[in-house]
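Comments concern the structure below.
Each chain gets a letter, A, B and so on, in the order the sequences are listed, and its residues count up from 1.
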Amino acid sequence: MDLLGDLYRTHTCGQLRPDHVGQEVVLLGWVHRVRDMGAVIFLDIRDRYGVTQVVTEAEPLLGQAKKLKTEMVVAVLGQVAPRSPETVNDKLDTGQVEVRIGELRVLNDARRPPFGIADESFVAEDTRLRYRYLDLRRQRMQKNLMLRHRLTMGIRRYFDELGFLEIETPILTKSTPEGARDYLVPSRVHPGEFFALPQSPQIFKQILMIGGLDRYFQIVKCFRDEDLRADRQPEFTQVDVEISFASQALVFSLIEPLIAEIFTVGGIEITTPFRTMTYAEAVARYGSDKPDLRFGMEIQDLGAVFADTPFGPVREALASGGVLRGLVVPGGAKISRAEVDKIVAEAIEMGAGGLLWARQTDKGLATSAKAMGEAALTRALEVSGAGTDGLLVMTAGTEAQVSKLLGALRLSLAKRFNLVDPTRFEFLWVVDFPLLDWAEDEQRWVAMHHPFTAPSDADLPRMTEAPGEVTAKAYDLVLNGSEIGGGSIRIHDPEVQRQLFRLLGISDEDAKLRFGFFIDALEYGTPPHGGIALGLDRIVALLAGEPSIRDVIAFPKTAAAVDLMSDAPSTVDARQWKELHLKPLA
RNA sequence: GGGGUCGUAGCUCAGUCGGUUAGAGCGCCGGCCUGUCACGCCGGAGGCCGCGGGUUCGAGCCCCGUCGACCCCGCCA
């Protein structure tokens, strides 16, 4: 092994061009590939900037080069030479030149990697995560992390130019039992007391507004101890924003150009302003509060068509205040009967009582529900736009059940029949969320967004007598069926805040204990304010074309919330337990 | 907590109806090769078939349990 000494690279492995021909250069990097031809040997040297071919045919360099293995770390000193036209490699940025080795230093040996770095073929994710340091060398992860960097730089530049301040908020903070489960950190100094890691810097950013900081943003880690998904990690990054004297329209007008800029950096041109849809409309038409607008298949209410249907299950559902709704699978008139049965089976698996269907065939109307009457079904096919081409599927039940089911079915059918155009980026503001949601298990109201969200001005007077009907000044930013941001105009009137806590079943006394400092702060001249938080990981993943945010996070956790590389979480020794005044239950 | 998919060589996978010696490609090791660039050619090594139990004359294959990865539901103010 050789010493690096004072050697520094003169160029990166992605830098050399015909202009450099004749120069003496130093490249430092990893052995990417070795092509040993006997009396001549080619090495590809790699760093994060690219790959450069180096070559030698003279002893003793030839002998030294033959001992190199992939992923060893080397220094190559040599002269840049042109390649003859027939040996130019168009696939490499540096492919018009090569370096003729003058001196070769081996800076470090490398064990054989468990998977190839040079070949980008599929490797199981657990293997990638266990050897993340090797996975990070691969082009896919390097590309994703470089994109992520460019986006965060763009975000900081954007906010800076508009006078926003990036201000850090505490990671060790106070547990506020509303919302997601907290990650807790026991206090050594205060036996039996705990810090919580922030689910978001919500209260702090509002206090920054009270503190007169006016325009705040932060690219910040948030922590939620809930189960994971492809787009959910226990620690994730938000672009957190708060603005004083803000209306919803103002927030939108500041965020839309930001999103446009982010996407430009990501290589996608988008148009603003974005569409807007109320929560109620989104749920009715798409069965979701984050509809994917890259395809149609809207949910349609067909209750009127079957108002006096003799078919029992539907008649009963309608009579008891329920609905009959359906959607049309385009081209579904031509799919096989077996395929139709699969759709029905899938709907039932999703929890539908049943799925009715109808379509026109060469032999006339075909349906799973003859009892609903040929005339009515034919009309339903017309009204729904199924015509002779589509397959109409329908289900009855309570509005909530039916929306949810058809929303899920819509997504799965679109996927199954390849109706989603992956090149489209369909943004949508979902607005007018309900302020509150009835938690059946707890038998109380819970905040749909969070307990600091302002009710709409019009509904404010009805907050106590009809809490379930009050809409909030809350909004989500949706892209292609994914929630990439959410925010609200906040309550700035301490009396309204107290009123809301009461509605949530939090007594004045309790509120004082949990949020007392915050309510106090509200009393001292709080400017009206509002903001938003964007899911950075999700945005990067969408732009990178990655199905999971794990692929845009350097060190993510598995679905079981474990870090396979470091093996966290882990046990700690008895002394640590004791210092923290903790004892195992078992 | 529930449902689903997967687990075979270092990696990615195949393995028929349960049948006797478990395969391929890549990688790895050895040899040859003066213009390769996914170099090529010749040869070779490499297996707790995730783990535990069961059924069977016989299990990679069937059954039960368990562990792990992934996807979904619940959960995620």
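One interatomic measurement links the two molecules: CD of A:E346 to C1' of B:rG4, which rounds to 12 Å at whole-angstrom precision. Summarising the geometry, the separation between CZ on A:R232 and C1' on B:rC70 is reported as 15 Å, rounded to the nearest angstrom. Atom pair A:D231:CG and B:rC75:C1' shows a separation of 13 Å (rounding to whole Å applied). To the nearest angstrom, P of B:rG3 lies 11 Å from CD of A:E349. Remark: P of B:rC11 and CZ of A:R140 are 18 Å apart, rounded to the nearest angstrom. The distance from atom CD of A:E226 to atom P of B:rC75 is 10 Å, rounded to the nearest whole Å. What separates CG of A:L409 from P of B:rC73 is a distance of 14 Å, to the nearest Å. If you take CZ of A:R224 and P of B:rC75, they are 15 Å apart, rounded to a whole angstrom.
No hydrogens or angles were tested; on distance alone, nothing pairs the side chain of A:R33 with the base of B:rU36 as donor and acceptor under 3.5 Å. At a cut-off of 3.5 angstrom, counting only N and O atoms as typed in the model, there is a donor on one side and an acceptor on the other between the side-chain of A:R83 and the base of B:rC37. For A:R100 and B:rG35, a side-chain-to-base donor-acceptor distance below 3.5 Å is present, hydrogens and geometry of angles not being considered.
Ring geometry for A:F252 against A:W429 counts as parallel: the plane angle stays under 30°, on a 0 to 90° scale with 60° as the upper cut. Ring planes of A:H20 and A:H11: perpendicular class, angle over 60° (limits at 30 and 60°). The aromatic rings of A:H450 and A:F452 are tilted relative to each other, their planes meeting at an angle between 30° and 60°.
Here the nucleotide nearest the side chain of A:R35, chosen from B:rG10, B:rU36, B:rA69, is B:rU36. When each of B:rA69, B:rG74, B:rC72 is scored by its nearest atom to the side-chain atoms of A:A230, the top-ranked nucleotide is B:rC72. Minimum atom distance to the side chain of A:K404 is reached by B:rC73, of the listed B:rC70, B:rC73, B:rA69. Candidate nucleotides B:rG35, B:rC37, B:rC71 were compared by shortest atom distance to the side chain of A:N89, and B:rC37 ranks first. Listed nucleotides: B:rC76, B:rA69, B:rC75. Nearest to the side chain of A:T558: B:rA69. Distance from the side chain of A:R229 is smallest for B:rC73 among the nucleotides B:rC11, B:rC39, B:rC73. Proximity note for A:T87 (side chain, C-beta onward) versus B:rA69, B:rG35, B:rC39: the nearest is B:rG35.
Open room surrounds NZ on A:K143; 12 or fewer heavy atoms of other groups in view lie less than 6.0 Å from it.
Nucleotides B:rG65 and B:rC71 have their P atoms positioned 24 Å apart, rounded to a whole Å. Only the C1' atoms considered, B:rG19 is 31 Å distant from B:rG10, to the nearest whole Å. Separation of the C1' atoms belonging to B:rC13 and B:rU66 is 26 Å when rounded to the nearest angstrom. Taking atom P in both B:rU8 and B:rG47, the straight-line distance is 15 Å, to the nearest Å. Distance check on atom P: B:rC62 versus B:rA69 gives 24 Å, rounded to whole Å.
Across the strands present, B:rG18 finds no partner; the criterion is a Watson-Crick or G-U wobble pair with both atom distances under 3.5 angstrom. Nucleotide B:rU56: unpaired (no Watson-Crick or G-U wobble partner with both distances less than 3.5 Å). Figure legend. B:rG47 is base-paired to no nucleotide; pairs are counted as Watson-Crick or G-U wobble with both atom distances under 3.5 Å. Remark: B:rG35 base-pairs with no nucleotide; criterion is Watson-Crick or G-U wobble with both hydrogen-bond distances under 3.5 Å. Pair assignment for B:rU5: B:rA69, on the basis of Watson-Crick or G-U wobble contacts that are both within less than 3.5 Å.
Contact between A:T169 and A:Y216 at its shortest, heavy atoms only, is CG2-OH, 4.4 Å. The shortest non-hydrogen separation linking A:S548 to A:A541 is O-CB, 4.2 Å.
A search for side chain to side chain donor-acceptor pair (under 3.5 Å) contacts involving A:Q199 returns A:D182, not counting sequence neighbours.
Under 4.0 Å is where a charged nitrogen must lie from a carboxylate oxygen, and between A:E235 and A:K221 at least one such pair does. A salt bridge does not link A:E226 to A:R232: none of the charged side-chain nitrogens sits closer than 4.0 Å to a carboxylate oxygen. For A:R294 and A:D292, the salt-bridge test passes: some basic side-chain N is under 4.0 Å from an acidic carboxylate O. Using a 4.0 Å cut-off between a side-chain N of Lys or Arg and a carboxylate O of Asp or Glu, A:R111 and A:E71 do not qualify as a salt bridge.
Taken from OG1 in A:T278 to CZ in A:F433, the straight-line distance is 10.0 Å, to the nearest 0.5 Å.
Residue A:F42 and nucleotide B:rU36 are classified as a stacked aromatic pair, their ring centres being separated by less than 5.5 Å at an interplanar angle below 30°.
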Task: Under 4.0 Å protein heavy-atom contact, by nucleotide of nucleotides 41-47 of chain B - B base, S sugar-phosphate only - done: -------
TODO: Mark up nucleotides 26-34 of chain B, 5' to 3', with B wherever a protein heavy atom is under 4.0 angstrom from a base atom, S wherever such an atom reaches only the sugar-phosphate, and - elsewhere.
DONE: --SS---BB
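Nearest-nucleotide positions on RNA chain B place A:V55 closer to the 5' end than the other of A:V446 and A:V55. Toward the 5′ end of RNA chain B lies the nearest nucleotide of A:A124, the other residue of the pair A:A124 and A:S200 mapping further downstream.
Residue A:E483 is classed as having no contact, given no heavy-atom separation below 4.0 Å to the nucleic acid. Within the nucleic acid shown, A:R111 has no heavy atom closer than 4.0 Å to any nucleic acid atom.
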